[in-house]
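Below is one structure, written out as structure tokens; the observations come after it.
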Amino acid sequence: MTEETQLEARLEEQDTFEPPESFVEQANVSEEEIYEEFDEPEAWERAAELLEWESGWDEVLDDSDEPFYEWFCGGEVNASFNCVDRHLADRGDETAIDWVGELGETRTYTYEELHREVNEFAAALRAQGVEEDDIVTLYLPMVPELPVAMLACARIGAPHSVVFAGFSADALAERMNAADSETLVTCDGYYRRGDALDHLSKARDGLAATENDVTTIVVDRLGDEADTTVADDEHVYSDLLNAHEETTVEPVTRDAEDMLFLMYTSGTTGKPKGVKHTTGGYLSYAAWTSHAVLDIKPEDTYWCSADIGWITGHSYIVYGPLALGTTTVMYEGTPDYPEKDRLWDIVEEYDVTQLYTAPTAIRAFMKWGPEYPDRHDLSSLRLLGTVGEPINPRAWKWYYTHIGSEECPVVDTWWQTETGGMMITTLPAVGTMKPGSAGRPLPGVSADIVDAAGEPVEAGRAGYLVVNKPWPGMLRTLYNNDERFINEYWDEYSVRERDQWVYSPEDGAKIDDDGYITILGRVDDVLNVSGHRLGTMEIESAIVGVEGVAEAAIVGGDHEMKGEAVYAYVITEEGQTENESFRAEIVEAVESAIGPIARPEAVVFTPELPKTRSGKIMRRLLEDIANGDSIGNTSTLRNPDVVDDIQHKVQHD
Ligand code: PRX
């Protein structure tokens, strides 16, 4: 046996891992008692105390109007002040953001420099007419101007709505219209695998479909390489900074419950949901979980490799780490450009102390092989984290061994856009790690696994995950839609006998005898493709919009790298030819409605869809077919013969 296979064999046997002693000794949180200390809502004051408040709160939790909970009521706080200004005295010359461009250029912002640019851009936004509570849309890739713009918005009390740069023009327009946004910050383009992508044209296509007359500000990322030049009615970001050189803007006083940002995410219907997060509760929660779970200290160089266009980047690239005054790393590009050791090169170069990434990335690293991390000195790492989808024990152990050298705890953190921050994970210095299981709910977070009637199921049985107590980072509502907020998250179990409101994240899970929770995946019509959340209805409506399509059903099939992949089953109208060019048209429609992340893995033409007698599509069967699994009982189908037809098609297409 080689050393490598001996190691694999040893790890295969091992189901539990203890936090390394060297980590425990220095951890921000290392006592088991912390779980008991969080028995009352007042315990959350310790999260809020990580921030500097202009004026303190009168009440920690107001639950008089459930489920519209309010936190740190009466408190006043500004997020930009907390992430920038208050670090100036001690850490003004220390690095706030270390940015690495895909082509190798780098930029560093000290807290002093960040302060300057945030102020100048805040002044520029004001001069463009942005007022407190106006929603500013940020359609930017991983460039430092994105966190700068977020913090500039926060400074003047204008909530931001970041739209992931990989989303399409239509997706941008939909989100801008839903938020009634009149200001857009975008850029000329960015690099992907060495190519300069034109982003501005996409932004303009989106603007053509917006209802408002929008002020557009364009960050110059590509310089001469840009395909599209800035038009007369668009403003150049750097010109605006110059016009407001060294201007300072007082951070506005925000009430704890004032909106900090909106983040659109996919749900069961075709329309994305505008998740509303507040200033006091969200920021306290992002800071607290960064402190307790990621073990961030000001002197660290911490790296979360997510995109700021998703909630992970909001909470754990920008707000949490900067609230704690640390150095946060941002990388523009892909992990395999120019080589498959790009991430390890950055870890070594910057002496990264914590790495937070997604299982989909870890699966890719495993496939590429340990020779890539082995080329680098990764000994600066102290903690590893994952988020976004279930991580299987093999990938967990690979990460632990080949990246962490068995010396870093791994935190598998379950949470959602709606929760604002981490909810279920081990604390890295407290208690055993069990690969494949996220762990216990965090101190102060209370979760159960229940059956369809809302009653807790026994250990080991699968059920629905529910959260029983409010927490400061929770969403407050869906923008302009309190009714949908209640229906989507709270209605289902609030009817049960218990006198409490229960939050339903729409995930399946099971719990073991130690209270460790294993997440099994979504139970609604939402897919998780490479850790990205996609609504099946959104994809279906894009497909049925194609002329010649009569009906479509989207399901998730297993995928080695992506976790789940999009499978499209399509019924065409009479007379429509089912050929490759029609398939390409369908794929193109999905990309243009949502973006390349939603691109179907396969488009299967079928004469019918399997339906129950009541006319509902049996998605489970379609999933089994996509996965090549054996098909269970089809006797409840109205049209059982269709299953054979579709299977045949999938095998022969
Ligand atoms: O299904 C769960 C999965 O991701 C969903 C939330 O997606 P989103 O709002 O985009 O936020 C992703 C980043 C926080 C959840 O409902 N998920 C997230 N983390 C985990 C996970 N599934 C298993 N294990 C996790 N650690």
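Counting starts at 1 for both ligands and their atoms, following the listed order. The chain is numbered in sequence order, starting from 1. In this text the structure is predicted, and so the values were computed from the model without any measurement.
Shortest contact from atom 13 (C) of ligand 1 to any protein heavy atom: Thr312 OG1, 3.4 Å. At the top of the distance list for atom 7 (O) of ligand 1, counting protein heavy atoms only, stands Arg533 CD, 3.5 Å. Nearest to atom 6 (C) of ligand 1 among the protein's heavy atoms is Trp415 O, 3.7 Å. Of all protein heavy atoms, the one closest to atom 25 (C) of ligand 1 is Glu389 O, 3.5 Å. For atom 8 (P) of ligand 1, the closest heavy atom belonging to the protein is Thr417 OG1, 3.5 Å. Scanning the protein heavy atoms around atom 15 (C) of ligand 1, the nearest turns out to be Asp507 OD2, 3.1 Å.
The shortest N or O to N or O distance between Asp412 and ligand 1 is below 3.5 Å.
Every atom of ligand 1 with a heavy atom of Asn528 under 4.0 Å away is listed here by number and element: 3 (C), 4 (O). Listed by number with element, the atoms of ligand 1 under 4.0 angstrom from any heavy atom of Val387 are 13 (C), 14 (C).
Under 4.0 angstrom from ligand 1, the non-hydrogen atoms of Thr413 all belong to its backbone. Contacts between Gln416 and ligand 1, counted as non-hydrogen atom pairs separated by less than 4.0 Å, involve both the backbone and the side chain.
A salt bridge between Glu506 and Arg522 is absent, with no side-chain N of the basic residue lying under 4.0 Å from a carboxylate O of the acidic one. For the pair Glu12 and Lys397, the salt-bridge criterion is not met [side-chain N within less than 4.0 Å of a carboxylate O]. At a threshold of 4.0 Å, the pair Glu560-Arg394 does not count as salt-bridged, since none of the basic side-chain nitrogens sits closer than that to a carboxylate oxygen.
Geometrically, Arg476 does not engage Phe68 in a cation-pi contact, judged by NZ or CZ lying under 6.0 Å from the ring centre and within 45° of the ring axis. Phe167 carries Arg175 over the face of its six-membered ring, with the cationic atom under 6.0 Å from the centre and within 45° of the normal.
Under a 4.0 Å heavy-atom criterion, Trp310 is not in contact with ligand 1.
Residues Asp507 and Trp414 form a side-chain contact, since some pair of their non-hydrogen atoms from C-beta on lies under 4.5 Å apart.
When the shell of 6.0 Å around NZ of Lys434 is examined, it contains more than 12 heavy atoms from other residues, nucleotides or ligands.
Distances from atom 12 (C) of ligand 1 to the heavy atoms of Gly388, Pro505, Pro390 show the closest one on Gly388.
No hydrogens or angles considered: nothing links the side chains of Thr426 and Tyr516 as a donor-acceptor pair under 3.5 Å.
Ring geometry for Phe38 versus Trp288: interplanar angle of 30 to 60°, hence tilted.
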